[in-house]
Protein chains: 2
Amino acid sequence: MLSYTEENYLKALLKLSFQNEERPEAGTNEMAAYLGVKPATATDMLKKLKEKNLVTYKKYGKILLTDIGRKNGIAILRKHRLWETFLYEKLDFSWDEVHEVAEQLEHIQSAKLVDKLEEFLNFPEFDPHGDPIPKANGDMPAIAKTLLSELNAGQNCKVAAVKDTSTLFLQYLEKLKITIGTRIKVLEVIAFDGSLNIQIENEEPRSVSMKFAESLFINQLP
Amino acid sequence: MLSYTEENYLKALLKLSFQNEERPEAGTNEMAAYLGVKPATATDMLKKLKEKNLVTYKKYGKILLTDIGRKNGIAILRKHRLWETFLYEKLDFSWDEVHEVAEQLEHIQSAKLVDKLEEFLNFPEFDPHGDPIPKANGDMPAIAKTLLSELNAGQNCKVAAVKDTSTLFLQYLEKLKITIGTRIKVLEVIAFDGSLNIQIENEEPRSVSMKFAESLFINQLP
DNA sequence: TAATAAAGTTAGATTAGTCTAACAAATATA
DNA sequence: TATATTTGTTAGACTAATCTAACTTTATTA
Ligand SMILES: [Mn+2]
Ligand SMILES: [Mn+2]
Ligand SMILES: [Mn+2]
Ligand SMILES: [Mn+2]
């Protein structure tokens with residue numbers, strides 16, 4: 001049985017491993033920063049996780065999830081994203097409110113609960129932020145990797161997921177009437193500062209910053 | 001902010017106070033037994049709860065919730081029973097499975113979540129065991145207090161709530177096709193051992209023990 | 001009422017998770 | 001390569017929640 005805290009460390013390591021998939025290891029400081037604890041604390045926990053065979057790591061070396069560690073991390077992520085979907089779909093939470101509560105709900109221990117919840121939600125593939133929801137067996141749809149900022153003038157796309165999940169960004173998206181699935185056409189790329197002129201669905205054209213365009217994952221349309 | 005553990009103590013004290021309403025105080029050992037900890041542990045926690053103005057108590061004296069303590073205890077109980085209802089109504093849990101998971105869910109911190117959940121469930125008055133669900137303001141429907149064992153031959157009633165919520169009893173009730181709201185007619189009271197002959201809805205008459213009859217709260221019918 | 005039993009408290013220890021401050025190793029840089 | 005910087009570890013302390021064992025107070029009963 002894993003503690004609440006151990007679960008958070010495993011999920012953090014998993015998320016960090018997604019951040020650059022070619023080198024899925026993490027460092028102690030990186031991990032500590034991600035979790036909002038001091039490096040000394042992370043080192044201690046690492047020893048415990050290693051003892052339990054959830055990570056491989058040696059002193060001053062990089063941290064890597066074992067298969068068991070990864071499996072557990074994915075289970076937490078699955079719960080997190082299913083709960084976010086529940087809050088969003090069934091309880092009318094907005095997409096900037098779901099994360100905080102799901103951080104708590106993801107630790108509820110009950111295999112039956114997770115699977116029944118998934119069924120109740122009709123086996124959703126993606127959470128409200130467009131992130132893929134792992135299946136009970138650990139399978140997970142591929143993650144969209146193309147950013148809006150990578151498109152050229154004239155190209156069309158659909159919003160796949162948000163890279164930045166901060167409240168500020170999510171609320172800005174709402175204001176712009178952008179949500180997962182929204183169609184966007186790139187009208188012009190401004191070389192000077194990387195900003196874009198875009199058309200959101202059939203709205204009036206408007207300009208967005210490079211920072212904005214680098215925070216949205218999209219799927220290209222023909 | 002209350003810790004997970006403090007919340008459990010407050011809910012325990014509240015439940016104990018329901019157990020005899022004329023004298024709503026509890027003792028240290030009673031409380032420890034209820035929570036499955038040692039008396040020494042309960043004493044320590046009591047000091048902390050007193051420090052936080054959640055209980056009144058002095059050394060070797062009885063424990064009583066303050067208004068704040070009571071308010072907090074009721075909030076936990078509200079969450080517990082709403083979650084039980086959710087699990088039962090929406091996720092097809094059986095009534096002997098809901099309690100364990102609700103014990104965890106009741107500690108999720110989010111005012112919005114509780115209220116939205118209540119709305120989603122259509123403002124239920126009672127949980128799957130027939131226990132009243134406190135409203136957001138702390139109001140609570142009256143608790144049924146009459147036991148099946150208090151009826152005489154010829155009287156009719158409806159099952160209001162279960163007094164015993166053990167898996168063994170709940171599963172036995174299922175087998176007998178008894179649930180909250182089921183109509184029962186007392187056909188005969190056996191003076192020898194307090195057992196009853198009863199008719200459940202329109203089923204064949206059958207006999208139940210005194211222990212059984214003392215575990216069901218009912219509302220009398222004319 | 002005096003002895004016994006029950007109820008409740010205290011002291012001291014343990015475990016999980018965290019911190020600060022000092023130190024050590026690895027990496028980058030001049 | 002020598003030094004400086006970054007990264008990571010250790011030692012020692014703290015808090016919350018728990019325990020056991022010994023002790024004290026209150027209640028029961030002979
Ligand atoms: Mn989230
Ligand atoms: Mn999400
Ligand atoms: Mn319950
Ligand atoms: Mn209940």
Side-chain angles (χ1 to χ4, degrees), chain A residues 1-13 16-17 19-20 23-65 69 72-73 76 103-104 106-109, chain B residues 1-13 16-17 19-20 23-65 69 72-73 76 103-104 106-109:
Chain A
M1 185 96 316
L2 297 174
S3 74
Y4 189 104
T5 311
E6 288 168 337
E7 290 190 343
N8 280 335
Y9 278 84
L10 292 182
K11 193 182 63 160
L13 284 169
L16 288 173
S17 84
Q19 265 170 39
N20 61 333
R23 294 168 112 266
E25 333 111 322
T28 303
N29 289 0
E30 194 184 2
M31 189 171 150
Y34 190 91
L35 286 161
V37 297
K38 300 291 164 181
T41 309
T43 299
D44 283 353
M45 182 56 71
L46 239 33
K47 289 178 190 161
K48 201 190 302 180
L49 295 178
K50 185 186 175 178
E51 206 48 54
K52 291 195 176 186
N53 267 301
L54 296 162
V55 303
T56 58
Y57 131 95
K58 56 179 173 313
K59 249 207 249 186
Y60 295 103
K62 291 292 175 183
I63 309 147
L64 206 57
L65 286 169
N72 279 282
I76 312 297
E103 277 303 311
Q104 302 175 59
E106 72 192 1
H107 301 287
I108 303 293
Q109 306 282 343
Chain B
M1 183 93 320
L2 299 174
S3 74
Y4 189 104
T5 311
E6 287 168 336
E7 291 191 342
N8 281 334
Y9 279 85
L10 292 182
K11 194 183 61 160
L13 284 169
L16 288 174
S17 83
Q19 267 169 37
N20 61 331
R23 297 170 111 265
E25 334 112 320
T28 304
N29 289 1
E30 193 184 2
M31 189 171 150
Y34 190 91
L35 286 161
V37 299
K38 300 291 164 179
T41 308
T43 300
D44 282 353
M45 182 57 69
L46 239 32
K47 290 179 191 162
K48 201 189 305 180
L49 294 178
K50 185 187 177 178
E51 205 49 53
K52 291 195 176 187
N53 267 300
L54 297 161
V55 303
T56 58
Y57 131 95
K58 55 180 175 310
K59 249 207 251 185
Y60 296 104
K62 290 292 176 185
I63 310 147
L64 206 57
L65 286 169
N72 278 281
I76 312 298
E103 276 303 311
Q104 302 176 59
E106 71 191 4
H107 300 289
I108 304 292
Q109 306 281 345

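In what follows, every chain begins at residue 1, and chains take the letters A, B, ... in the order their sequences are listed.
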Considering all heavy atoms, the nearest B:Ala42-B:Val37 contact: N-CG2, 4.4 Å
OP1, OP2 of D:dT7 versus side-chain N and O of A:Lys62: anything below 4.0 Å? no
Whole angstrom is fine here: how far is it from NZ in B:Lys52 over to C1' in D:dA16? 10 Å
Taking it one step at a time, do A:Glu106 and A:Glu103 satisfy side-chain contact (heavy atoms from CB on, under 4.5 Å)? CA-CA 6 Å; A:Glu106 72 192 1; A:Glu103 277 303 311; 3.2 Å; yes
Presence of A:Thr43 side-chain N/O under 4.0 Å of D:dG8 phosphate oxygens OP1/OP2: no
OP1 or OP2 of D:dA16 versus the side-chain N and O atoms of B:Thr5: is any pair under 4.0 Å? no
Side chain of A:Ala40: nearest nucleotide among D:dT9, C:dT18, C:dT20? C:dT20
Within this structure, what is the CD-to-C1' distance between A:Glu25 and C:dA26, rounded to whole angstrom? 15 Å
What is the separation between atom CG on B:Asp44 and atom P on D:dT20, rounded to the nearest whole Å? 14 Å
Does A:Tyr4 reach a base, just sugar-phosphate, or nothing at all? Heavy atoms under 4.0 Å. nothing
Hey, is B:Lys62 close enough to B:Glu30 for a salt bridge, meaning N to O under 4.0 Å? no
Using a heavy-atom cut-off of 4.0 Å across all strands, would you classify A:Lys58 as base, sugar-phosphate, or nothing? nothing
Rounded to whole angstroms, how far apart are CE on B:Met1 and P on D:dA16? 15 Å
A:Thr41 near the nucleic acid: base, sugar-phosphate alone, or nothing, with a heavy-atom cut-off under 4.0 Å? base
Atom NZ of B:Lys38 and atom P of D:dC23: how far apart are they, to the nearest Å? 19 Å
Between A:Pro24 and A:Leu64 the two heavy atoms that sit nearest each other are O-CD1, 3.6 Å
Between atom CG in A:Asn29 and atom C1' in C:dT27, what is the gap in whole Å? 13 Å
For B:Ile63 and B:Leu49, run side-chain contact (heavy atoms from CB on, under 4.5 Å): C-alpha distance rounded to whole Å, both residues' side-chain angles, the deciding distance at 0.1 Å, then the answer. CA-CA 10 Å; B:Ile63 310 147; B:Leu49 294 178; over 6 Å; no
Could you go step by step and tell me if A:Leu2 and A:Asn72 meet the side-chain contact (heavy atoms from CB on, under 4.5 Å) rule? CA-CA 9 Å; A:Leu2 297 174; A:Asn72 279 282; 3.4 Å; yes
Dot-bracket for DNA chain C, 5' to 3', Watson-Crick and G-U pairs with both distances under 3.5 Å, [ ] for crossing pairs, | for partner on another strand, reads ||||||||||||||||||||||||||||||
Where B:Leu10 and B:Gly69 come nearest, the two heavy atoms and their spacing: CD1-O, 4.1 Å
Counting just side-chain N and O atoms, does A:Tyr9 come under 4.0 Å of either OP1 or OP2 of C:dA16? no
When rounded to whole Å, the CG to P distance for the pair A:Leu46 and D:dT9 reads 7 Å
Measuring to OP1 and OP2 of C:dT10, would you say a side-chain N or O of B:Lys59 lies under 4.0 angstrom away? yes
At under 4.0 Å, does any side-chain N or O of A:Tyr60 touch on OP1 or OP2 of C:dC23? no
Taking atom C1' of C:dT15 as reference, at what distance in whole Å does atom CD of A:Glu51 sit? 15 Å
Intermediate values then yes/no, side-chain contact (heavy atoms from CB on, under 4.5 Å), B:Asn8 and B:Tyr34: CA-CA 10 Å; B:Asn8 281 334; B:Tyr34 190 91; over 6 Å; no
